[in-house]
J.: 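Mind looking over this structure? Questions follow.
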There are 2 protein chains.
Amino acid sequence: MTGMSQGRDAARRATIADVAQAAGVSPSTASVVFSGKAPVADSTRERVLAVAAELGYAGPDPRAASLRRGRSGIVAVVLEGHLRTAFLDPVTTAMMDGVTDGLAGLGAGVLLLRDDTDAVAGAPTLASVPVDAVVLIGCSGRLHEDLDAVRARGVPAVVIEGDAGEGVPRIDLDNREAAAQLARHLRGLGHERVDVVTLPFDASRLRGLASPERIAAITVDVTRKRLDGVREEYPDARVVSAGGSSIDEGMIAGRTLLEQAEDRPTAIMAQSDLLAAGVIRAAEERGLRVPEDLSVTGFDGVVVDGLGDHVLTTVVQPAVGKGRAAGAAVARLLAGEQVESIVFTCRFREGTTTCAPSHGRASAP
Amino acid sequence: MTGMSQGRDAARRATIADVAQAAGVSPSTASVVFSGKAPVADSTRERVLAVAAELGYAGPDPRAASLRRGRSGIVAVVLEGHLRTAFLDPVTTAMMDGVTDGLAGLGAGVLLLRDDTDAVAGAPTLASVPVDAVVLIGCSGRLHEDLDAVRARGVPAVVIEGDAGEGVPRIDLDNREAAAQLARHLRGLGHERVDVVTLPFDASRLRGLASPERIAAITVDVTRKRLDGVREEYPDARVVSAGGSSIDEGMIAGRTLLEQAEDRPTAIMAQSDLLAAGVIRAAEERGLRVPEDLSVTGFDGVVVDGLGDHVLTTVVQPAVGKGRAAGAAVARLLAGEQVESIVFTCRFREGTTTCAPSHGRASAP
DNA sequence: TTGTAAGCGTTATCAT
DNA sequence: ATGATAACGCTTACAA
């Protein structure tokens, strides 16, 4: 009944205490050998390390360390909906990359958390997982709920492009001004008839030509701001909403706007590069040349796969930079510092998809 | 110096012990109220909850819970290279989605870990972060190193499409057979001249027409298997390697194969749907109609953005399923069960991009 | 149904 | 440079 059959000692993994004892040092000394937080005599270190290797001790258990230190080295990033959907958007991906970058310096990893309405029972939540901080992306419906949960725990949070509450630092973009800049570019080229393909207006993601009423009711912040920017210059632009940010959606929207040769615009402004790529395809499909017959602008400045040889005229948003800023903000928050919200600025980039409108009617196919 | 300025008691967050004491119950009872792992009298529960709310106690600290339970509820997923790159591939994204799905049932979250050669100093590692298990994706150079680190800690691991070591369950795909199936489809349609666009051969990602020597030296498992499958049927196919899995890469490769009208193939088999989409664009760019003048097949069966109205003839791999399987495998591993490796099977899907070759020379533009 | 008590494995602090 | 000691906040046998 004792010894063998019980086998407790044999099965148990070695702890730092075991190593310390076997090496004939105190646990604190052994701890320091692994953390390097205080000077240790070389001979001592070697002895401890040797014993550790012998005992198969692979270093301090992060679970125990995180309890003691009060830090887990994990930062949660909350995304809306399925990963598949979230990561379809290259901007999100780039941002995530920036976040991991910004956090790596801190030694923290990124934990992906979904913010579905239909969460699986037992799924990990902000409350169930040991996170040091939280980055919330986008304006999820759950945002405020999440923020409350997080605040109750005293976990610092940063919101990227969403309506944060009191005292939560935001990372934002000058969506309106950037869009206006693109519009002014087209105006400068001489365009009068300019239409817009927008991101979704709201959760319904309704597609199609939008009435003034629908436009007035846009709830997605990014969509509204970018549209407002365009309308500073072209208040009468026709507006078609897409069902998402993708090439195929852009193609559908582009077809709608290019349907009738009579009131065809000389330029189409898309609210994302992906949508712009789709618009270009819709134009080419009708035999229109870009930019000679139709100028097209995008938004984001991401690398769009499938754009072929075109270089999109667009505004480049610092997506990775936004992520990094979020990471950095988290770092400062964890250091107990005050953090201000930041607004990032887009940079105009002229490509090969815009030029002066051809005079008279565009050469219809 | 005392009281106010010190403020220890005031600043400290309430613990479950504080709640228990204030509610006049024992810590264990309070614990059970939150975990629900044992019956508690309604009146007791309510009292505890009320006190908790009053004290601003938001539930047990996951850090402490994870030490005590020996589980953190976190599973690391190790990806190769930058997230930007990894998530550019829709298959990876879908797989990740499956992993989160499979793990959600377990109540575990997904921690993203990069496996760069050039890791930032202080970046989180498998050793520094409290993970219950690890999922390794792809055949990174670091794979074996990672596996050793993980094994030393007694952390269970699963490998998706990579060369796992002893006793590590793998999640695999019938790459060779699926490719062969596509080849047989083309043979059945009557194609004799079939060429191939492959994924990268190795870390160098060299582009272009491949010599037999280069082909013999392919190190990427997936590339080799899919190519072997094709060569069962078409041993003399010309092979062009792409620099990655993307539409633009497919377009470049497609141009290479379609350059000379004289020895143009009647069908091109691409090793991914993205590459296939690029090949189609390269064909259309030359005025070739798909499938009349050129049949094109893909691999993966993912939704390709920017494919327009074509439906790709391809083999559908259960990417989400693979991820789920990895999640499930992890769950069983954590339950102490033995887990076998699994090989997933692709399903052939006939689309609109293949048909019998047109007789005589294809209508050259 | 509730309470008692014993850790989980580490690290920070303060002596020595 | 090293050691003793006390937490970190929680969970779970087991006892009552």
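Sequence lines set the chain letters: A, B, ... in the order given, protein chains first and strands last, and positions in each chain run from 1. As a basis for the values below, the full set of heavy atoms in this structure was taken, side chains included, without hydrogen atoms, waters or symmetry mates.
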J.: Write down the distance between CZ (B:Arg153) and C1' (C:dG9), rounded to a whole number of angstrom.
T.: 12 Å

J.: Could you pull out all donor-acceptor pairs under 3.5 Å where a side-chain atom in residues 44-54 of chain B meets a protein atom, sequence neighbours excluded?
T.:
from    : atom 1 : to      : atom 2 : distance (Å)
B:Arg45 : NH2    : B:Asp42 : OD1    : 2.9
B:Arg47 : NH1    : B:Ala23 : O      : 2.5

J.: Let me have the donor-acceptor pairs involving side chains of residues 334-343 of chain A, under 3.5 Å, with sequence neighbours excluded, atom names and distances please.
T.:
from     : atom 1 : to       : atom 2 : distance (Å)
A:Ser341 : OG     : A:Arg170 : N      : 2.9

J.: Sugar-phosphate means primed atoms, P, OP1 and OP2; the rest is base. With that split, encode nucleotides 9-16 of chain D 5' to 3' as B, S or - using protein heavy atoms under 4.0 Å.
T.: BBBB----

J.: Among residues at least two apart in sequence or on other chains, which ones pass side chain to side chain contact (heavy atoms under 4.5 Å, CB included) with A:Asp89?
T.: A:Val91, A:Thr92

J.: Do any of residues 39-55 of chain B sit with a heavy atom less than 4.0 Å from DNA chain D, and if so which?
T.: none

J.: Distance-only check: which donor-acceptor pairs under 3.5 Å involve side-chain atoms of residues 29-41 of chain A, not counting sequence neighbours?
T.:
from    : atom 1 : to      : atom 2 : distance (Å)
A:Thr29 : OG1    : A:Ser26 : OG     : 3.1
A:Ser35 : OG     : A:Ser31 : O      : 3.4
A:Ser35 : OG     : A:Lys37 : N      : 3.2

J.: For B:Ala152, give me all partners under side chain to side chain contact (heavy atoms under 4.5 Å, CB included), at least two apart in sequence or on another chain.
T.: A:Ala58

J.: Are the charged groups of A:Arg12 and A:Asp18 less than 4.0 angstrom apart, N to O?
T.: yes

J.: Whole angstrom is fine here: how far is it from CZ in B:Arg71 over to C1' in C:dG9?
T.: 17 Å

J.: Check side chain to side chain contact (heavy atoms under 4.5 Å, CB included) between A:Leu67 and all other residues, then give those that pass, not counting sequence neighbours.
T.: B:Ala64, B:Leu67

J.: Does anything in residues 125-137 of chain A pair up under salt bridge (charged side-chain N to carboxylate O under 4.0 Å, His left out), and if so which pairs, sequence neighbours excluded?
T.: A:Asp132-B:Arg63

